[in-house]
Student: 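Here it is: the structure, laid out below.
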Amino acid sequence: MLSKKKPQDKVDPEYLVGLDTASAQPTPAGVKPFIKKHWKPITAAICAAAVAAAVLVPKNSAKPAAASAQYVETRPEKRDIVNSYSADGTITAADTYTVKPMVKGTVLTADFEVGDTVNKGDVLYTIDSSDMASSVEKAQLSLEQAQSSYDDAVDAQYIHSSVRGTVSSLKVKAGDVISAGQEVAVVRDDSTLLLTLDFPAADAITYFVGQSVGVTIDGTFETTTGTIQSISGADSLSSGNLAVRSVVIAVSNPGTLNTTMSGTASINGVSAMSSAHFTCQYEQIITAAASGTVAALCVREGSTVGVDTALVQLSSSSLTKQVKSASNSLRSAEISMQNQQDNMSNYTITSPISGTIIEKNAKAGDALSAGSDLCTIFDLSYLEMTLNVDELQVSSLSVGQSVQVTADAVPDKTYTGVVTRVSMKGTSNGGTTTYPVKVRIDETDGLRPGMNANAEIVVAQAKNTLTVPNAAIVRGGYVLVTQDSPSAVNADPGMIAPDGYVYVPVKTGVSDDNYTQIVSGLTGNDTVAYDSAAASTDTYYDDGGYYEADAEGTEGEEGADDANGMVDEAEPENGTVPAEEPVEAEEKQGSAEDAVNPSQADGVVYLG
């Protein structure tokens with residue numbers, strides 16, 4: 001414990017061990033039993049302090065403090081400080097895939113070898129699928145039949161025209177209930193009109209089917225061309241008792257003719273006996289094939305329709321059930337066909353990723369079983385390693401941080417990586433939780449999956465910054481400086497320091513294994529003092545100093561617990577060091593008044 005020495009009338013030397021030798025007094029008789037009992041720990045403490053001072057004190061800038069041999073004086077220096085996290089891990093490929101077949105069969109082709117580079121979708125294996133081909137064909141036939149049945153069921157809801165033409169009349173309306181066989185519409189084919197005329201029998205016998213005929217339209221006297229479609233084979237008498245024969249002439253309708261118009265014709269200079277009205281080439285009465293209610297009229301009168309054009313839509317419960325059943329059957333057939341096609345595709349095995357073949361377990365001619373290992377593919381476009389980071393350190397890592405990676409198998413080479421993922425899910429084991437952190441390495445020359453590597457991640461750094469040794473930081477935010485240091489004016493009066501020194505509050509920043517950044521509170525002209533052994537053995541004491549706990553100086557195993565910075569439970573509240581138990585019954589004890597207050601000492605007080 002760091003304490004300030006004060007004038008005193010009486011001090012029991014039994015409690016003063018390790019004080020500045022310059023101020024030591026002749027040893028009273030009461031010290032001998034104490035030393036006799038505790039010579040081993042005292043000797044060990046003195047040796048440890050000497051070794052620590054020799055190792056930790058910089059030879060170029062630090063020197064022993066004049067106030068006590070336990071302190072080293074130095075000035076804050078500017079340097080670069082890097083705080084990094086380091087962990088070991090195993091190099092892995094960016095992606096790994098073991099190819100397995102989903103079907104059994106004989107391998108027909110396997111045209112690749114270990115070390116080959118493949119792209120996603122490249123064919124790796126083909127397996128004999130002759131048995132599956134017949135199953136696919138059966139499924140295709142079932143699908144076609146189901147589709148036909150569904151189409152028929154849907155068509156049954158409609159009444160269609162069987163000829164091309166014009167709807168001359170509709171005999172039902174929406175909402176009508178009709179029965180099977182009832183007339184619903186009349187459709188006429190007026191694309192070609194017929195003109196039936198009588199010609200003298202003596203002339204008609206010279207005509208032939210297909211002969212061209214000149215046709216004249218009554219009223220407008222427009223002329224057009226027709227074709228003889230048929231000639232009657234028997235004579236008949238006209239109104240003037242003249243033998244005549246009927247000739248049917250087909251006239252192509254340009255869109256201006258209709259059945260209300262009439263006309264005549266002339267063949268080989270012989271005119272027809274009289275005019276006649278045009279008639280349609282075809283006229284069909286459309287009837288319902290099933291009973292039901294007219295749900296809608298699909299056409300209007302006068303509309304031009306083609307073969308299979310829907311004229312009327314019907315609705316009924318039986319028709320609805322028929323369509324539903326056909327629809328379900330069709331869907332079932334589609335699913336069956338899809339499954340068979342999927343199974344068929346399983347007989348051609350393609351690469352699931354782009355990468356390098358590192359293992360091949362099957363070749364052409366091998367008989368496979370479903371689920372067996374065929375080959376293994378590594379994606380080596382980049383490499384990865386996973387670090388298991390302790391819960392106390394994971395918060396300092398984040399995606400995007402640069403990582404320096406080294407591998408024992410590739411000496412004298414450092415790879416640069418980047419943190420790509422910091423997992424939110426941890427794994428607990430033995431009371432400690434770790435979180436996986438993934439590092440990506442794009443430069444992979446020399447590295448291989450499976451190699452052991454070390455990753456170092458810079459958590460924080462400061463360039464050319466003012467620093468002090470880590471041992472100089474006490475109680476988390478104070479530094480001991482000489483009274484003549486410029487920053488001594490900011491000393492904390494509540495902190496009791498050795499003669500010639502004061503405690504100055506500081507704000508710290510980045511630290512590494514040896515030094516701590518001083519953000520504010522010190523200058524480069526200050527002289528800092530610190531206990532060279534504090535970094536390894538000292539613990540903080542409540543009044544701002546130090547003490548070193550010795551388990552042998554307490555009863556039982558309680559000495560180790562007292563090393564946490566708390567004095568023994570029997571210590572009075574004024575901080576007085578408790579008296580040592582007597583070595584022998586007849587030896588004289590020091591009274592409570594003789595106890596030494598730590599604040600009166602020049603150096604570190606070691607409790608035996």
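Bear in mind the structure is a predicted one, so any value in this text is a computation, not a measurement. Positions are given from 1, in the same order as the sequence printed here.
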Student: Under 3.5 Å, is there a donor-acceptor pair between the side chain of Tyr415 and the main chain of Asp445?
Tutor: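 Yes; judged by distance alone, with no hydrogens or angles, the pair exists.
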Student: Is there a donor-acceptor pair closer than 3.5 Å between any side-chain N or O of Thr348 and the backbone N or O of Ser345?
Tutor: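 Between the backbone of Ser345 and the side chain of Thr348 there is no qualifying donor-acceptor contact (under 3.5 Å).
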Student: Between Ile457 and Gln401, which heavy-atom pair has the shortest distance, and what is it?
Tutor: CG2-OE1, 3.7 Å
Student: Taking the side chain as every heavy atom from C-beta outward, state whether Lys463 and Asp80 have any atom pair closer than 4.5 Å.
Tutor: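 Touching, per the 4.5 Å side-chain cut-off.
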Student: Can you tell me how far apart CG (Leu124) and NZ (Lys360) are? Round to the nearest 0.5 Å.
Tutor: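 Rounded to the nearest 0.5 Å, the CG-NZ separation comes to 9.5 Å.
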Student: If you take all heavy atoms of Pro101 and Ser369, which pair is closest and at what distance?
Tutor: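 Smallest interatomic distance, heavy atoms only, reads CG-O, 3.5 Å.
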Student: I'd like to know if the side chain of Asn83 pairs up with that of Asp512 as donor and acceptor (distance under 3.5 Å, no hydrogens or angles considered).
Tutor: no
Student: For Ser86 and Glu456, which I'm curious about, is there any donor-acceptor pair between the side chains at under 3.5 Å?
Tutor: no
Student: Measuring from Leu387:CG to Asn454:CG, what's the distance to the nearest 0.5 Å?
Tutor: 9.0 Å
Student: How many angstroms lie between atom CG of Asp408 and atom CG of Asn452, to the nearest 0.5 angstrom?
Tutor: 7.5 Å
Student: Side chains of Cys375 and Ile358: does their closest heavy-atom pair fall under 4.5 Å?
Tutor: no
Student: Give me the atom names and distance for the closest heavy-atom approach of Ala93 to Leu383.
Tutor: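 Nearest heavy atoms, Ala93 then Leu383: CA-CD2, 4.0 Å.
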Student: Would you name the heavy atoms of Pro352 and Tyr97 that are closest together and state the gap between them?
Tutor: CG-CD2, 3.2 Å
Student: Hey, is the main chain of Gly426 close enough, under 3.5 Å, to the side chain of Thr433 for a donor-acceptor pair?
Tutor: no
Student: Do Leu374 and Asn361 have side chains that get closer than 4.5 Å, going by heavy atoms?
Tutor: no
Student: Test side-chain contact (heavy atoms from CB on, under 4.5 Å) on Val389 and Leu397 and set out the steps.
Tutor: CA-CA 9 Å; Val389 182; Leu397 305 183; 3.7 Å; yes
Student: Within a strict 4.5 Å, meaning less than it, do heavy atoms of the Thr90 and Met385 side chains meet?
Tutor: no
Student: If you round to the nearest 0.5 Å, how far is CD1 of Ile473 from OG1 of Thr508?
Tutor: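 Rounded to the nearest 0.5 Å, the OG1-CD1 separation comes out at 6.0 Å.
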Student: Would you check if there is a donor-acceptor pair between the side chains of Gln517 and Thr467 at a distance under 3.5 Å?
Tutor: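 On atom types as modelled, these side chains do not qualify, holding no pair under 3.5 Å.
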Student: Lys363 and Asp366: which non-hydrogen atoms are nearest, and at how many Å?
Tutor: N-OD2, 2.9 Å
Student: Indicate yes or no for a side-chain donor-acceptor contact from Ser351 to the backbone of Lys120 under 3.5 Å, with no hydrogens or angles considered.
Tutor: no
Student: For Thr482 and Asp484, does a side-chain donor sit closer than 3.5 Å to a side-chain acceptor?
Tutor: yes
Student: For Asp111 and Thr109, which I'm curious about, is there any donor-acceptor pair between the side chains at under 3.5 Å?
Tutor: no
Student: Is it true that Glu443 and Lys413 make a salt bridge, defined as a side-chain N closer than 4.0 Å to a carboxylate O?
Tutor: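 A salt bridge links Glu443 with Lys413.
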Student: Might you work through the side-chain contact (heavy atoms from CB on, under 4.5 Å) test for Glu113 and Asp116, ending with a clear yes or no?
Tutor: CA-CA 6 Å; Glu113 298 299 332; Asp116 289 352; 3.9 Å; yes
Student: Which distance, rounded to the nearest 0.5 Å, do you find between the CG of Leu108 and the OH of Tyr347?
Tutor: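 So the CG of Leu108 and the OH of Tyr347 are separated by 11.0 Å.
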Student: Check whether more than 12 heavy atoms from other residues, nucleotides or ligands sit under 6.0 Å from atom CG of Asn119, and answer yes or no.
Tutor: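 Enclosed.
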Student: Can Asp373 and Lys100 be counted as an ion pair, charged N to O under 4.0 angstrom?
Tutor: yes
Student: I need the single residue from Asn525, Asp526, Thr527 that forms a side chain to side chain contact (heavy atoms under 4.5 Å, CB included) with Ser487. Which is it?
Tutor: Asp526
Student: Spell out, as yes or no, whether a donor-acceptor pair under 3.5 Å connects the side chain of Thr92 to the backbone of Glu384.
Tutor: yes
Student: Does the side chain of Gln393 reach to within under 4.5 Å of the side chain of Tyr435, using non-hydrogen atoms?
Tutor: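 Not in contact.
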Student: Just how far is it from atom CD1 of Ile377 to atom CG of Asp379, taken to the nearest 0.5 Å?
Tutor: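 Those atoms lie 10.0 Å apart.
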Student: Taking all non-hydrogen atoms of both residues into account, name the closest pair between Pro486 and Val489 and its distance.
Tutor: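 What the structure gives for the nearest pair is O-CG2, 3.4 Å.
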Student: If you define the side chain from C-beta out and look only at heavy atoms, does anything of Val99 sit under 4.5 Å from Thr376?
Tutor: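 No. Closest side-chain heavy atoms not under 4.5 Å.
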Student: Let me see the working for Ile441 and Ile91 under side-chain contact (heavy atoms from CB on, under 4.5 Å), right down to the final yes or no.
Tutor: CA-CA 9 Å; Ile441 309 167; Ile91 300 295; 3.8 Å; yes
Student: Between the side chain of Asn470 and the main-chain N/O of Asp513, is any donor-acceptor distance below 3.5 Å?
Tutor: yes
Student: Do the side chains of Val459 and Ser396 get nearer than 4.5 Å, heavy atoms only?
Tutor: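 Result yes, sub-4.5 Å side-chain heavy-atom pair found.
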Student: Within a 6.0 Å radius of atom OH on Tyr382, are there more than 12 heavy atoms belonging to other residues, nucleotides or ligands?
Tutor: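 More than 12 heavy atoms, drawn from other residues, nucleotides or ligands, come within 6.0 Å of this atom.
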Student: Are Val437 and Thr386 packed together at the side-chain level, in the sense that at least one heavy-atom pair is separated by less than 4.5 angstrom?
Tutor: no
Student: Are the charged groups of Arg440 and Asp442 less than 4.0 angstrom apart, N to O?
Tutor: yes
Student: Assess whether side-chain contact (heavy atoms from CB on, under 4.5 Å) is satisfied between Val528 and Leu522, documenting all intermediate values.
Tutor: CA-CA 9 Å; Val528 174; Leu522 293 180; 4.1 Å; yes
Student: With a cut-off of 6.0 Å (strictly less than), are more than 12 heavy atoms of other residues, nucleotides or ligands near CG of Asn464?
Tutor: yes
Student: Does the ring centre of Phe112 sit less than 6.0 Å away from the ring centre of Tyr125?
Tutor: yes
Student: With a 3.5 Å cut-off and no angle check, do the side chains of Asp390 and Thr434 form a donor-acceptor pair?
Tutor: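 No, no side-chain donor-acceptor contact under 3.5 Å.
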